Structure formats: C-alpha cells, structure tokens
Amino acid sequence: MAPVAPRSGDAIFANVERVNAELFTLTYGAIVRQLLTDLEEVEEVNKQLDQMGYNIGIRLIDEFLAKSNVSRCIDFKETAEVIAKVGLKMFLGVTANVGNWDAEGTTCSLILEDNPLVDFVELPDTCQGLYYCNILSGVIRGALEMVSMKTEVTWVRDMLRGDDAFELQLKLLKQVPEEYPYKDDE
C-alpha cells in the first residue's frame, strides 16, 4: 500500500465541520469582554487568553495530526510552513506567510493575510495594551510543545493597534528530545 500523502490546508478545510463565522467571532468577543470585566487588568487578560490558547493547543494538535496526514517535520522551518499553510487554514480558514527568519533558523514571523477573530472589533482607548488575539499565540505554543518544540510566541504587529498587518513571532527555545516510558529489552 502506498504511503498517504499529506493533505493541503484547502482540502482539509473543505471537509471539516464548521461553525458559523459570525457566531464564532461574536462568541470569542464575548469571552474577551467577560475577561476584561472579571480581571480588570489588561495584562492579566493577555495572560489568561494565552493560557486558554495553550490549553486548546495541547488538545488541538491531536485532531490536526489525525486529519492532516502530515508526517514529522524535518526542522523548525518546515514546521512553521505547515502551521501557516495547513494548520491555520484547517482551523480558521486563513493562511499566513512565513518570513523574517533569523540566521540560525530558530525565529520567524507568521504574517496573517486575514484574521477572522477581529471581524466587528474595535478596541476602546482603555484596552490599548490588549492583544485581542492572544489566544492564537497560546494555541500555537501549546501545539508545538506537544510535538517536542518549546517555543515563545508573541505578537509583533496587530491591526487593532494601528499596525498594517497581523504578525506573530515564533521563536524556538529548544527541541525537547522525546522520552519513551519503557526501555527496550537488550
């Protein structure tokens, strides 16, 4: 039997069960609004959104690997491309461009062409420190940690803050070696 080829983000997105985009966007907005009400400090909301995303990411990677037929990535560059072209398309219906690589190949940027989380959103002056889509950085960080990559994911540019694009910076902190629970018999 021939090996199964990885599926493209478009092919996966076409076959994934979806929810109404407006419902998704408004529900996410309600969550952010409730966090702002409950926590009061914008920096605490940023941390909470990141933690919520992390918790989602550590579970979402299983679905991604099961439905995408993506094999193990060779390096961080390939991993970033898979996130940008397959992962984001599969779950959000958008793609991103990967760029701004450092010389070591451990830091890059994902520049989102579109961001469905920000439809209908305007940040008031009291929320200027808020990274509204910080849940995405947590999702990526959590998913990568489950495939043995300890990363730092931060927002560099955000159109809600007046920038010209949405840009996430991914920085590989270390590749964690896989540990197996049982030793082979010799």
Side-chain angles (χ1 to χ4, degrees), residues 8-10 12-13 16 18-36 39 41-54 56-57 60 64 73 75-145 149 151-173:
S8 74
D10 290 326
I12 298 166
F13 185 68
V16 172
R18 287 174 248 161
V19 298
N20 180 290
E22 290 176 357
L23 175 66
F24 175 70
T25 302
L26 294 173
T27 302
Y28 180 71
I31 291 169
V32 174
R33 180 69 186 132
Q34 190 62 49
L35 286 172
L36 285 165
L39 300 176
E41 291 293 323
V42 170
E43 197 52 45
E44 286 301 312
V45 173
N46 288 335
K47 288 178 187 175
Q48 187 66 34
L49 287 171
D50 181 72
Q51 186 60 45
M52 289 169 64
Y54 177 83
I56 292 168
L60 207 60
F64 172 77
C73 293
D75 57 13
F76 190 59
K77 286 186 177 188
E78 185 181 352
T79 302
E81 285 293 332
V82 169
I83 291 168
K85 304 297 184 217
V86 183
L88 290 173
K89 182 69 175 184
M90 182 175 170
F91 293 108
L92 289 179
V94 299
T95 57
N97 294 316
V98 182
N100 302 331
W101 284 99
D102 67 350
E104 296 85 34
T106 58
T107 302
C108 69
S109 291
L110 295 181
I111 301 159
L112 279 77
E113 298 165 359
D114 187 24
N115 188 344
L117 290 178
V118 300
D119 291 344
F120 319 115
V121 176
E122 288 182 27
L123 292 180
D125 292 337
T126 58
C127 297
Q128 290 306 309
L130 178 68
Y131 287 102
Y132 184 81
C133 300
N134 216 32
I135 198 165
L136 292 180
S137 61
V139 168
I140 293 170
R141 186 172 58 87
L144 288 176
E145 193 168 304
M149 292 184 182
T151 57
E152 181 180 283
V153 183
T154 54
W155 285 98
V156 177
R157 294 187 291 165
D158 186 339
M159 290 176 76
L160 293 176
R161 301 172 122 207
D163 296 320
D164 60 341
F166 291 100
E167 181 179 348
L168 275 167
Q169 183 181 62
L170 280 64
K171 182 176 183 178
L172 178 65
L173 301 176

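Only heavy atoms go into these numbers, but all of them, side chains included; no hydrogens, no water, no symmetry mates. No experiment lies behind these values; they were computed from the predicted model shown.
- Under the 3.5 Å distance criterion, the side-chain polar atoms of Asp114 are left unmatched by any main-chain donor or acceptor of Val94.
- Note: Asn115 CG to Met159 CE = 9.5 Å, rounded to the nearest 0.5 Å.
- Put simply, the side chain of Trp155 reaches to within 4.5 Å of the side chain of Leu136, judged on heavy atoms.
- Residues Val42 and Cys127 approach most closely at CG2-CA, 4.3 Å, considering heavy atoms.
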Checking Val45 against Leu39 for the side chain to side chain contact (heavy atoms under 4.5 Å, CB included) test, could you report, in this order, the C-alpha distance in whole Å, the side-chain angles of both residues, the deciding distance, and whether it holds?
CA-CA 6 Å; Val45 173; Leu39 300 176; 4.1 Å; yes
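- With contacts defined as side-chain heavy-atom distances shorter than 4.5 Å, the pair Asp158/Cys133 does not qualify.
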Begin from the C-alpha positions of Glu152 and Lys171 and carry the test salt bridge (charged side-chain N to carboxylate O under 4.0 Å, His left out) through to its verdict.
CA-CA 5 Å; Glu152 181 180 283; Lys171 182 176 183 178; 5.1 Å; no
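- Panel note: side chain Asn134, backbone Leu49; no donor-acceptor pair is recorded below 3.5 Å.
- Ile83 contributes atom CD1, which lies 4.0 Å from atom CG of Leu144 (distance to the nearest 0.5 angstrom).
- Checked against Thr95 for a side-chain hydrogen bond (donor to acceptor under 3.5 Å, both in side chains), the options Lys89, Lys85, Glu113 give a single hit: Glu113.
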Audit row: Glu104, Leu172, side chain to side chain contact (heavy atoms under 4.5 Å, CB included) steps and yes/no
CA-CA 10 Å; Glu104 296 85 34; Leu172 178 65; over 6 Å; no
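- Taking the six-membered ring for Trp and thresholds of 30 and 60 degrees, Phe76 and Trp101 have ring planes more than 60 degrees apart, a perpendicular arrangement.
- We find the CG-CG distance between Leu160 and Leu130 to be 8.5 Å, quoted to the nearest 0.5 Å.
- Remark: side-chain polar atoms of Arg161 are paired, donor with acceptor, to backbone N or O of Gly129 under 3.5 angstrom.
- Side chains of Glu44 and Gln48 form no contact here, defined as non-hydrogen atoms less than 4.5 Å apart.
- Across every non-hydrogen atom of Gln128 and Asp125, the tightest pair is CG-O, 3.3 Å.
- How far SG of Cys73 is from CD of Glu81: 10.0 Å, rounded to the nearest 0.5 Å.
- Leu110 pairs in a side chain to side chain contact (heavy atoms under 4.5 Å, CB included) with only one of the listed residues (Ile140, Asn97, Val156), which is Ile140.
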Take Ile135 and Ile31 through the side chain to side chain contact (heavy atoms under 4.5 Å, CB included) test and state the conclusion after the steps.
CA-CA 11 Å; Ile135 198 165; Ile31 291 169; over 6 Å; no
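- Distance check, rounded to the nearest 0.5 Å: CD1 of Ile111 to CD of Gln169 gives 11.0 Å.
- When atom types are taken as modelled, the side chain of Thr25 and the backbone of Pro116 share a donor-acceptor pair closer than 3.5 angstrom.
- The distance from the NZ atom of Lys47 to the CD atom of Glu41 is 10.0 Å, given to the nearest 0.5 Å.
- Tyr28 approaches Tyr132 most closely through the heavy-atom pair OH-O, 2.6 Å.
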